[in-house]
Amino acid sequence: MTGLTRADLDAVPSYIVHRIPERHVNLSTNEVPFGPLPGVPEAVADATARVHRYPDMAATELRDALAARYRVAPERVVTGAGSAALIEHLVRATAAGGGEVVHAWRSFEAYPVLIAAGGGRSVPVPCLPDHRHDLDAMLAAVTPATGLVLLCHPNNPTGVAISRPELAAFLDAVPPHIVVAVDEAYREFVTDPRLPDTLAEHGHRRNVVVLRTLSKAWGLAGIRLGFLVADAQVAAAVRKVVTPFSTNALAQAAGLAALRAEPEMRRRVRVLAAERDRLTDALSARVDGIPRSHANCLWLPVGERALVLARRCAERGVTVRPFAGEGVRVTIGTREANDALLDALGPASAEPGRTWDTTP
Ligand SMILES: Cc1ncc(COP(=O)(O)O)c(C=O)c1O
């Protein structure tokens with residue numbers, strides 16, 4: 001505590017920067033491995049000729065394209081420097097001043113940090129043993145101090161989704177004056193038609209905000225572009241706290257080009273979904289209890305063996321993402337990258353429950 005900065009930030013964990021050695025197969029950051037979508041590099045290169053000018057602060061063309069693509073009015077769309085930034089802005093608009101933000105846990109590791117940065121107070125609600133959001137407990141955690149409820153669907157790091165009836169019942173039950181934000185960063189990877197599309201099915205609810213990103217399926221992680229769709233009045237409030245010009249000119253150009261390449265995005269997602277099935281089968285022969293993933297990652301619930309497992313992979317040139325004492329998240333990569341992971345893990349063992357020698 002220095003006395004110079006907000007005391008509450010002392011208790012907030014700092015971001016952990018994971019260094020990925022250059023020649024490693026990186027299966028730790030939930031990106032899509034196929035490079036930018038066609039047309040994106042050219043659009044960005046073209047936009048660099050005008051970077052001495054400020055970008056369109058309202059990102060009008062991009063916002064209109066998103067609004068048309070998702071069939072909503074443009075005034076309901078807010079773009080930002082990644083959905084992570086928009087989560088912080090949303091907290092600032094709904095829960096700053098210590099308002100409570102109810103969210104599932106384990107979930108996206110940045111939530112506690114973004115909530116604190118936005119001036120809210122994180123209220124983590126443990127997921128059920130099968131990794132689903134405990135929606136009953138989340139509802140019970142809503143109090144008069146709650147400013148925002150955050151659902152992660154499908155959840156990072158497990159890929160576990162919320163069923164259509166569960167989501168509808170939850171949204172019916174939350175008091176209508178509390179905003180429920182559904183973070184659908186991985187929505188494009190959902191292939192099961194029984195799962196809900198929050199925007200299409202619940203976007204009309206005034207208190208529902210849907211967060212999407214162009215970092216994942218759309219392949220723009222490095223340029224920082226996300227958006228949310230909210231009730232027009234909620235969107236207007238969020239726009240007031242967005243850092244001006246934070247949807248930069250290159251991101252606007254890249255986003256428009258990526259949207260034009262949607263068929264190729266869909267093709268890539270189909271390739272990854274098939275790899276997800278293959279990897280789930282192959283890894284389930286080695287690890288018990290891998291939940292069905294609807295995202296571009298798989299969760300290995302190996303508990304205390306998480307760090308050892310990650311180290312074993314790293315020694316064999318594959319970077320994965322361990323969560324100490326809980327498990328390991330692996331991103332679905334190309335077929336070759338996934339094979340490298342399987343090679344790094346070695347063959348399944350006959351010993352039940354213990355698939356590798358994980359003695360340090
Ligand atoms: C669930 C979830 N939400 C949001 C984000 C942030 O994405 P970005 O800020 O790149 O849009 C991530 C990134 O990993 C994520 O997993």
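Keep in mind that the numbers below use all heavy atoms, side chains included, and drop hydrogens, waters and symmetry copies. Start at 1 and go down the list; that is how both ligands and their atoms are numbered.
- Between Asp339 and Arg278 there is a salt bridge, since a side-chain N of the basic residue sits under 4.0 Å from a carboxylate O of the acidic one.
- With sequence neighbours excluded, no residue satisfies salt bridge (Lys or Arg N to Asp or Glu O under 4.0 Å) with Glu42.
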Asn155 and Tyr186: CA distance, side-chain angles, deciding distance, side-chain hydrogen bond (donor to acceptor under 3.5 Å, both in side chains) verdict: CA-CA 8 Å; Asn155 191 31; Tyr186 299 97; over 6 Å; no
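- For Thr146 (side chain) and Leu148 (main-chain N/O), no donor-acceptor pair under 3.5 Å exists by modelled atom type.
- A cation-pi arrangement, defined by a distance under 6.0 Å to the six-membered ring centre and an angle within 45 degrees of its axis, is present between Arg321 and Phe323.
- Aromatic ring pairs are classed by plane angle as parallel below 30°, tilted from 30° to 60° and perpendicular above 60°; the pair His131 and Trp299 is perpendicular.
- Near ligand 1, Gly82, Ser83, Ala84, Phe108, Cys152, Asn156, Asp183, Ala185, Tyr186, Thr213, Ser215, Lys216, Arg224 each place a heavy atom less than 4.0 angstrom from the ligand.
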